[in-house]
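Numbering starts at 1 and runs along the sequence shown.
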Amino acid sequence: EVLVLSPDHTASWADLDNKQCGLIMAAVRDRIEDHARTPGVEYTQTILNHGREAGASIEHPHGQLLGIPFVPGELSEELAGYAEYTSGPLLESMIEDEEKAAERVVSADDRVVVLCPYWSGSPYEMIVIPREKTPHIDDAAPADLAAAGRAVRDSLLRMRQVLGEVAYNIVFHSAPHHRDVAFHWHIHIVPQVTTAAGFEQGTGVKINVVPPERAARQLRGVDL
């Protein structure tokens, strides 16, 4: 399914007002809720590719929701990480530690925290995390959805001021349909500012040439 962000052909998510950001998140929630009722759909992957380098095939700003009959490998790895972590809820613990350290936090309010995660594989990578632990995005409170939509918008604005107009991918992660698992829905923002060279292609190991601490400091310093 194609999610059209705006009737304005030139308006990316970074250009939307608060109401439009909330409408996008509400549409994602509603469609995921509908997918969960569809036989054979195990997981819904919500993505947004902005710019040719990020895989966008249509110029008008849009996202996509893909209902698939399996749980993708990357999400399975995240689920395994949650299951193996025994010191409390994983992302809640990370938020607490990161706010204490105050090195990789890009922005934070009473509902959402944005970080440059310590495991960043790409320069200026960010993760948008609602404070309220909810496994499934379609169970999230409307206020948390709206806050996450605004946080994505503001993060893209920060990225634009630091990096200029660059291609990027937005990837939503939510728990698989009909599974009561320890998870915490969140959104990844990954700018495409580097190219995978031979080492990365040969080993699958990413090399991030910008430490997340430096990236967060630059992004945090932007006046919105």
Side-chain angles (χ1 to χ4, degrees), residues 1-3 25 27-50 54-55 63-98 104 112-140 144-145 148 151-152 155 168-192 194 196 199-208 212:
E1 300 180 356
V2 175
L3 175 67
M25 296 299 295
V28 169
R29 175 202 60 208
D30 292 350
R31 295 311 305 142
I32 289 179
E33 188 176 57
D34 192 66
H35 283 201
R37 294 193 293 263
T38 304
V41 176
E42 293 292 322
Y43 183 70
T44 298
Q45 182 62 75
T46 305
I47 61 170
L48 189 154
N49 303 326
H50 177 84
Q64 298 172 58
L65 296 96
L66 301 97
I68 55 181
F70 60 90
V71 178
E74 184 169 345
L75 191 77
S76 295
E77 290 180 3
E78 287 193 3
L79 289 167
Y82 275 83
E84 293 171 3
Y85 190 73
T86 58
S87 299
L90 180 56
L91 284 189
E92 290 93 319
S93 297
M94 188 180 77
I95 288 173
E96 182 179 352
D97 291 343
E98 291 291 356
R104 290 176 288 268
V112 179
V113 178
V114 181
L115 307 169
C116 287
Y118 63 85
W119 66 81
S120 297
S122 301
Y124 302 94
E125 180 178 342
M126 287 177 275
I127 181 170
V128 178
I129 311 169
R131 291 188 185 273
E132 183 67 27
K133 178 194 168 189
T134 307
H136 299 271
I137 190 172
D138 43 320
D139 290 331
D144 289 335
L145 289 170
V152 170
S155 297
Y168 56 82
N169 300 99
I170 298 176
V171 178
F172 287 63
H173 278 171
S174 180
H177 301 315
H178 314 301
R179 294 199 192 180
D180 184 15
V181 293
F183 198 68
H184 189 149
W185 75 271
H186 55 276
I187 305 170
H188 297 272
I189 302 174
V190 184
Q192 299 300 325
T194 59
F199 180 80
E200 290 90 339
Q201 295 182 41
T203 64
V205 177
K206 295 181 179 180
I207 297 177
N208 184 357

How close do Val112 and Ala151 get, counting heavy atoms only, and between which atoms? CG1-CB, 3.7 Å
Distance-only side-chain donor-acceptor flag, Glu78 / His186, under 3.5 Å: yes
Between Ser174 (side chain) and Ile137 (backbone), is there a donor-acceptor pair under 3.5 Å? yes
Which atom names give the shortest non-hydrogen contact between Ser120 and Cys116, and what distance separates them? OG-C, 3.9 Å
Would you give the length of the straight line joining atom CH2 of Trp185 to atom CZ of Arg29, rounded to the nearest 0.5 angstrom? 10.5 Å
In the structure I gave you, are the side-chain heavy atoms of His173 and Gln45 within less than 4.5 Å of one another anywhere? yes
Taking the side chain as every heavy atom from C-beta outward, state whether Val152 and Phe172 have any atom pair closer than 4.5 Å. no
With respect to Leu115, which candidate in Ile129, Val128, Leu91 satisfies the side chain to side chain contact (heavy atoms under 4.5 Å, CB included) definition? Ile129
If I compare all heavy atoms of Tyr43 with all of Pro72, which pair ends up nearest, and what's the gap? CD2-CD, 3.5 Å
Less than 4.5 Å apart, any side-chain heavy atom of Val71 and any of Arg179? yes
Taking the side chain as every heavy atom from C-beta outward, state whether Asn208 and Pro123 have any pair of such atoms under 4.5 Å apart. yes
Reported CG-to-NZ distance for the pair Asp144 and Lys133, which is rounded to 0.5 angstrom: 14.5 Å
Is any side-chain heavy atom of His177 less than 4.5 Å from a side-chain heavy atom of Thr38? no
Is Val181 close to Tyr82 at the side-chain level, that is, under 4.5 Å between some pair of heavy atoms? no
pair His50-Gln192: side-chain heavy atoms closer than 4.5 Å: no
Leu3 to Ala27 - nearest heavy-atom pair and separation: CD1-CB, 3.8 Å
Examine distances only and state if a side-chain atom of His35 and a backbone atom of Leu66 form a donor-acceptor pair shorter than 3.5 Å. no
Can you tell me how far NE2 of His136 sits from NE2 of His178, rounded to the nearest 0.5 angstrom? 9.0 Å
Say you draw a straight line from CG of Leu75 to CZ of Phe183; how long is it, rounded to the nearest 0.5 Å? 4.5 Å
Is the backbone of Pro130 close enough, under 3.5 Å, to the side chain of His184 for a donor and an acceptor to pair up by distance? yes
Could you check whether any side-chain heavy atom of Asn169 comes within less than 4.5 Å of a side-chain heavy atom of Ile47, counting everything from C-beta outward? no
Please report the interatomic distance CD(Glu200) to OG(Ser122), rounded to the nearest 0.5 Å. 9.5 Å
Could you grab the distance from atom CE of Met25 to atom OG1 of Thr46, nearest 0.5 Å is fine? 9.0 Å
Distance-minimising heavy-atom pair for Val41 and Thr44: CG1-OG1, 4.0 Å
Kindly give the heavy-atom pair with the smallest separation between Tyr118 and Glu98, and that separation in Å. CD2-OE2, 3.7 Å
Stepwise, does the side chain to side chain contact (heavy atoms under 4.5 Å, CB included) test hold for Tyr124 with Ile189? CA-CA 9 Å; Tyr124 302 94; Ile189 302 174; over 6 Å; no
